[in-house]
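Before any comments, here is the structure.
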Amino acid sequence: MALTGLEIFKLLPKTNCKKCGMPTCLAFAMALAQKRAKLEDCPDVSDEAKEKLAAAAAPPMRKIVFGSGDNQVQVGQETVVFRHEEKFYSPTVLAATVSDKLTGDELTKRIESANALQFERIGTKIGVKALAVVNDSGSSEPFASACAAAKDGSELALILVTDSPDAMAAAAGQVKDRVPLLAAAMPDTAEAMAKIARENGCPLVAKAESIEALADLSEKIKGQGIEDIVLSLEGLSQRDHLYNFSRVRVLSLKKVFRPLGYPTISFVTDGDGDTQVAAAISLICKYSGIVVVDTVEPWALLPMLTAVMNIYTDPQKPVQVEPKVYKIGEPDENSPVMFTTNFSLTYYTVESDVEASRVPSYILVVDTEGTSVLTAYSGDKLNEKTVADAMTKHDVEKLVKHRKLIIPGYVAVMSGKLEEATNWEVMVGPRECSMLPKYLQEIWN
Ligand code: SF4
């Protein structure tokens with residue numbers, strides 16, 4: 001358990017020197033207990049106290065990293081139960097299964113299908129981040145071969161799924177340079193699995209049938225020298241799974257109960273694609289750090305990935321696109337130039353309507369901190385100066401030989417000042433961008 005303010009106070013120098021910015025050591029201790037202060041702010045704390053206090057100040061949910069290179073993934077390190085309290089930090093990792101019963105072309109095809117589960121949504125790349133190789137054969141040799149094939153055929157992070165320490169030892173050695181997640185140790189295999197994880201430098205999943213058994217198991221594994229642990233509950237209904245994952249979340253974050261202070265993994269492998277979509281999205285909401293699904297159908301993965309993207313968006317920060325000039329088609333020096341704001345939904349709506357016009361164009365995206373045209377205008381984030389500055393910053397006048405700027409119809413009122421600020425002729429575009437195709441085809445041309 002985390003130390004209380006008074007327990008922390010007993011470890012501090014008690015000189016009330018104020019170097020930490022607090023009036024007393026007690027005030028600093030209380031702030032540290034509530035995670036409002038950092039231990040480094042006290043320069044005089046002893047090494048022994050540092051060690052104890054650092055443990056107390058550690059995040060309530062440990063960050064776990066697996067995979068390698070650019071395809072390394074991170075789960076855990078969450079700080080709040082509800083997104084509106086702050087935000088969620090580590091988007092749920094979606095993994096697709098690869099059975100070790102597959103061989104030859106079937107195995108290659110399954111790995112390639114999983115690799116291909118990558119999409120782009122409102123300018124952001126989303127996709128499956130891991131392959132879960134499953135020891136369906138029950139034997140070590142096919143499992144090790146399938147893991148090796150997954151390593152050769154995919155850059156994605158790997159999860160090795162077997163209850164057999166022998167199969168795990170054979171496979172982990174083959175792919176240890178990819179730092180796979182090993183799933184899973186159970187109460188009767190904890191020591192053997194922990195040894196394999198230790199020898200290969202891999203994080204380890206702890207799997208039990210209840211929260212109480214899981215807490216005991218994670219402590220047992222930690223006692224074997226494994227710090228990087230992921231929690232898994234088995235044999236539960238969907239309802240009980242969600243209920244218990246919610247309890248794990250509350251106990252780890254609100255009570256700082258260290259034995260459950262790890263991210264979770266769930267295996268959604270029963271039922272058809274529809275059933276898996278529903279179950280996976282429920283578990284993404286509450287609170288699975290990793291979800292393994294037994295499908296490689298794009299129609300099934302896309303809604304799951306969309307759910308991850310939405311839930312892990314910072315609720316206090318609108319989704320934004322990069323402020324710059326976007327080329328639609330292959331515009332030249334005679335092409336129209338228009339501007340909009342960097343609120344993603346605004347930009348992508350404008351972009352699709354300009355594309356629909358088939359008139360190659362330049363869209364200047366002005367940085368309005370992710371707000372829409374009218375919101376930005378009323379908040380004075382979109383005015384003649386911000387537009388003129390954006391035109392200068394992105395060298396708009398070098399793109400075309402004309403000097404005509406199309407502005408959104410909703411901000412027609414800024415025409416006069418904008419013409420003065422830029423020396424460009426302002427053309428007032430339609431109020432609704434759905435009218436842009438007609439405008440570009442008939443009025444611009
Ligand atoms: S810097 Fe350390 S010793 Fe000084 S008041 Fe703060 S906690 Fe106490």
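Read the numbers this way: they start at 1 and go in the same order the structure lists the ligands and their atoms. Please read all numbers here as calculations on a predicted model, not as lab measurements. Hydrogens, waters and symmetry mates are skipped; everything else that's a heavy atom, side chains included, is used.
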Taking [X] for its side chain and [Y] for its backbone only, find out whether a donor-acceptor pair lies under 3.5 Å.
X: N244; Y: D240; result: yes
X: R198; Y: G225; result: no
X: S145; Y: E141; result: yes

Mind listing the protein N/O/S atoms less than 2.8 Å away from atom 6 (Fe) of ligand 1? Waters don't count. C20 SG
Aromatic centroids of Y347 and Y326 separated by under 6.0 Å: yes
Is it the case that over 12 heavy atoms from other parts of the model lie below 6.0 angstrom from the CD atom of E191? no
No-hydrogen, no-angle side-chain donor-acceptor test under 3.5 Å, S140 and D166: no
